[in-house]
Amino acid sequence: MAAKATKPVMTDLKGQTLVTLRTLKEKNPAALSTYQSLGGYEQLKRIITEKVKATEIINQVKVSGLRGRGGAGFPTGLKWSFMPRYFDGTKYLVCNTDEGEPGTFKDRDIIRYNPHQLIEGMAIAAYTLGARVGYNYIHGEIWQDYQTFEAALAEAREAGFIGENLFGTGFSFDLYAVHGYGAYICGEETALIESIEGNKGQPRFKPPFPASYGVFGKPTNVNNTESYTSIPWILQHGGQAFADLGVPNSGGSKIFSVSGHVEKPGNYEIKMGTPFADLLAMAGGVWKGRKLKAVIPGGPSTAVLPADKIMSATMDYDGLSKAGSSLGAGSMIVMDDTTCMVKALKRLSYFFYEESCGQCTPCREGTGWVYRVIKRIVDGQGRMEDLDLLTDVCNNISGRTICALGDAAATPVLSFIKHFRPEFEYYIQHGKSMIDGK
C-alpha cells in the first residue's frame, strides 16, 4: 500500500525554504517513489554501506546549528553526544510527534506530506547512536495522519530501508508508530516514554535523563519530528550549508504554524532570522484589513507580544528573546484589534488547567486557581486585587514542578497582564470588555 496524502493546503510556496517539507511541490508528496526521486534514502545507504563514523555524523549535526524543534531548542548534536557510545545492550530512539498545544500543527504536516524523510532521519540517527528499535509517538487526534505514516513504514520495510540487515551490512533498525490518546502532557519526553511503556502519561523526575534511563530503563534519544526530518538534508548538503540558511545560534529553516487572524493560515517553512513582518505578509497579513494587536510567537507556552514589539522582531531564538518572548515550537497565533485579551487568556488558562496531569501540587492546584480567577473577572465579578493574586499564584507555579507545564501555564498569564493590564482593569471596573462591550 502506497502512502498517499491529500493536496497540500498551502499552494503558494513563494518565499519558503523547503527542507523538511520539500516534497510539497510534488504530485503525490507522501509516496516513497516521490521521496526517492528527490534523493531520498541515499544518505542512509551511503552512511551504512560506507560505515561512516558516528562521530563524523554528530559533528555535522553540531556544525549545522540544528536545535530541538519541539520547543526547548536544545542543540541536537549535543543531545546525541549524551547517548552512551559503548553501552552493551538495547538502546532506543523516540520521535515526539505528540503536538497538543493550541496553534501547533507542523509535525502532522511532515508525517502527512513527507513521512519518508522522517523515517530516513530516524534511521540515520539510530545508526549513529547504536539504537535498534525506534518509536514515533503520534498525537491521538490525528488518526488519518497516523495511518499515512503507517503506510509509509510499510513501504520503507518492503523496500529494505528499515528492518533486518539493511543493505546487507548487518545493521538492523525497526521503527514503530505509537498512537497516543491526546494528552498534552505526553509532549514532555519522559511522560511520552511512560506512555510508550503502557503507563499513565506523567513526567519523571530528572535526572536520570532519557539518555541514560529512557524507554524500559534503557538509554534513549528523544527528538522532535522536525528535528529528525532535517537530518537527511544536513548530511546531503553538509552541516555548514544548513547553518548558513539561518543566522548565528539559529541554524537552518524552521516551520512556523501561523493561525489566528490572518488571511492565509497554514505552515510556512522559512529561513531562521526572517523578519516577522515578512512572515506575516506571506500569511496574507492581518485579515479583513484590521490592525495587528498582539502575537503569541511560539505557542501559548510562550509570552504574548504586543504589535509594537513583534513587528521589529526576527523569527529566531535570539530575535524573539530580545523582543521578550521565545521561539517555542514556532506556533504563531495572530490577534487583531478586535480581540479581547481577557477572554483570550481565559481560554488559554482553561486549556492548561484541563491538561495538567495532576502530579505536582503547584500545577494541579495553581492552574485551577488561575482559571477560576480569570473566569471570575470575565463573569463580571472580578476584583482589582485579582491581578496581584494571579501574579502571585503564577510565581508560585513557575519553577516548582517536575516538568515545564507549570511554567507554560504561568507564562501567558504573566505576559498578558504585563502588556495588557489596562484591559484587565477595565473589565474588573466595568464588568465587561473594553473591546466588545460585553
Side-chain angles (χ1 to χ4, degrees), residues 19-20 43-44 46-48 50-96 117-137 171-173 175 188-190 192-193 196 204-246 248-254 272 317-318 327 404:
V19 173
T20 60
Q43 292 308 305
L44 175 64
R46 175 184 68 84
I47 288 167
I48 294 178
E50 295 179 10
K51 298 182 179 179
V52 177
K53 293 182 179 179
T55 52
E56 294 180 21
I57 298 171
I58 292 175
N59 183 61
Q60 284 301 308
V61 177
K62 287 182 177 179
V63 169
S64 74
L66 176 66
R67 294 172 60 174
R69 300 301 200 226
F74 193 83
T76 304
L78 180 60
K79 192 173 192 179
W80 284 17
S81 67
F82 293 159
M83 283 285 280
R85 199 170 301 170
Y86 303 108
F87 178 79
D88 186 21
T90 303
K91 289 188 281 187
Y92 292 96
L93 201 70
V94 172
C95 178
N96 187 345
Q117 190 165 323
L118 169 59
I119 294 170
E120 183 179 18
M122 291 191 70
I124 291 172
Y127 169 83
T128 306
L129 304 176
R132 295 295 181 269
V133 178
Y135 300 101
N136 183 13
Y137 190 95
F171 173 73
S172 300
F173 173 67
L175 177 58
E188 195 278 334
E189 62 180 9
T190 60
L192 183 154
I193 289 171
I196 288 176
R204 297 174 177 175
F205 283 101
K206 291 185 287 189
F209 293 92
S212 57
Y213 189 90
V215 177
F216 306 120
K218 303 297 183 180
T220 302
N221 181 77
V222 185
N223 280 129
N224 174 256
T225 312
E226 191 179 356
S227 304
Y228 281 126
T229 309
S230 301
I231 298 301
W233 196 99
I234 290 171
L235 295 177
Q236 179 182 357
H237 300 278
Q240 191 59 52
F242 187 83
D244 291 343
L245 291 177
N249 202 39
S250 300
S253 64
K254 172 82 182 76
M272 284 282 218
Y317 293 103
D318 292 341
L327 185 72

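Since the structure is predicted, the reported quantities are computational estimates derived from the model, not experimental observations.
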Legend entry - Check against side chain to side chain contact (heavy atoms under 4.5 Å, CB included), Arg85 and Thr55: CA-CA 10 Å; Arg85 199 170 301 170; Thr55 52; 3.3 Å; yes
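- Closest approach of Ser250 to Met272, counting heavy atoms only: O-CB, 3.2 Å.
- Residues Cys95 and Asn223 fail the side-chain proximity criterion, which asks for heavy atoms closer than 4.5 Å.
- Under the 6.0 Å cut-off for aromatic ring centres, Phe82 and Phe209 do not qualify, their centroids lying 6.0 Å or more apart.
- Nearest heavy-atom pair, Phe242 versus Ser64, reported as atom, atom and distance to 0.1 Å: CD2-O, 3.4 Å.
- Here the straight-line distance linking atom NZ of Lys79 with atom CD1 of Ile58 works out to 13.5 Å at 0.5 Å rounding.
- Using a 4.5 Å heavy-atom threshold, the side chains of Ile193 and Arg204 count as touching.
- Under a cut-off of 6.0 angstrom, the local environment of CZ in Arg46 is crowded, with over 12 non-hydrogen atoms contributed by other residues, nucleotides or ligands.
- Trp233 CH2 to Ser253 OG: the interatomic distance, rounded to the nearest 0.5 Å, is 7.5 Å.
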Inset, instruction - Tell me, with the steps shown, if Leu192 and Tyr135 meet side chain to side chain contact (heavy atoms under 4.5 Å, CB included). - result: CA-CA 11 Å; Leu192 183 154; Tyr135 300 101; over 6 Å; no
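- Between the side chain of Gln60 and the main chain of Gly77, no donor-acceptor pair closer than 3.5 Å is present.
- Nearest heavy atom pair, residue Met122 against residue Leu175, reads CE-CD1, 3.6 Å.
- Atoms CZ and CG, from Phe173 and Leu44 in turn, are 9.5 Å apart once rounded to the nearest 0.5 Å.
- Salt-bridge check for Lys206 with Glu189: passed, with a basic side-chain N closer than 4.0 Å to an acidic carboxylate O.
- Annotation: side chain of Ser212 is not in contact with side chain of Pro219 (no heavy-atom distance under 4.5 Å).
- Thr220 places a side-chain N or O within donor-acceptor distance of the main-chain N or O of Lys218, the cut-off being under 3.5 Å.
- Geometric assessment of Arg67 against the ring of Phe74 yields a negative cation-pi assignment under the 6.0 Å and 45° thresholds.
- Judged purely by distance below 3.5 Å, without hydrogens or angles, the side chains of Asp318 and Asn249 pair a donor atom with an acceptor atom.
- The side-chain heavy atoms of Trp80 and Thr128, taken from C-beta on, include a pair separated by under 4.5 Å.
- Between atom CD1 of residue Ile234 and atom CD1 of residue Ile124 there is a gap of 10.0 Å, rounded to the nearest 0.5 Å.
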Inset, instruction - Take Leu93 and Val133 through the test side chain to side chain contact (heavy atoms under 4.5 Å, CB included) and record every step on the way to the result. - result: CA-CA 6 Å; Leu93 201 70; Val133 178; over 6 Å; no
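- Gln117 places a side-chain N or O within donor-acceptor distance of the main-chain N or O of Thr229, the cut-off being under 3.5 Å.
- Under 3.5 Å, the side chains of Asn96 and Tyr228 contain no donor-acceptor pair of N or O atoms.
- In this structure, Glu188 contributes its side chain and Thr190 its backbone to a donor-acceptor pair below 3.5 Å.
- Atoms CG and CD, on Leu245 and Gln240 in that order, are 10.5 Å from each other to the nearest 0.5 Å.
- Side chains of Val94 and Asn221 form no contact here, defined as non-hydrogen atoms less than 4.5 Å apart.
- Of all heavy-atom pairs spanning Glu226 and Asn224, the tightest one is N-OD1, 2.9 Å.
- Contact record, Gly68 with Ser227: CA-OG, 3.7 Å, taken as the closest heavy-atom pair.
- Looking only at side-chain heavy atoms (C-beta outward), Arg69 and Lys254 come within less than 4.5 Å of each other.
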Inset, instruction - Report the C-alpha distance between Arg132 and Lys91 in whole Å, list the side-chain angles of each, state the deciding distance to 0.1 Å, and finish with yes or no for side chain to side chain contact (heavy atoms under 4.5 Å, CB included). - result: CA-CA 7 Å; Arg132 295 295 181 269; Lys91 289 188 281 187; over 6 Å; no
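- Here Phe216 contributes atom CZ and Ile196 contributes atom CD1; the two are 7.5 Å apart, rounded to the nearest 0.5 Å.
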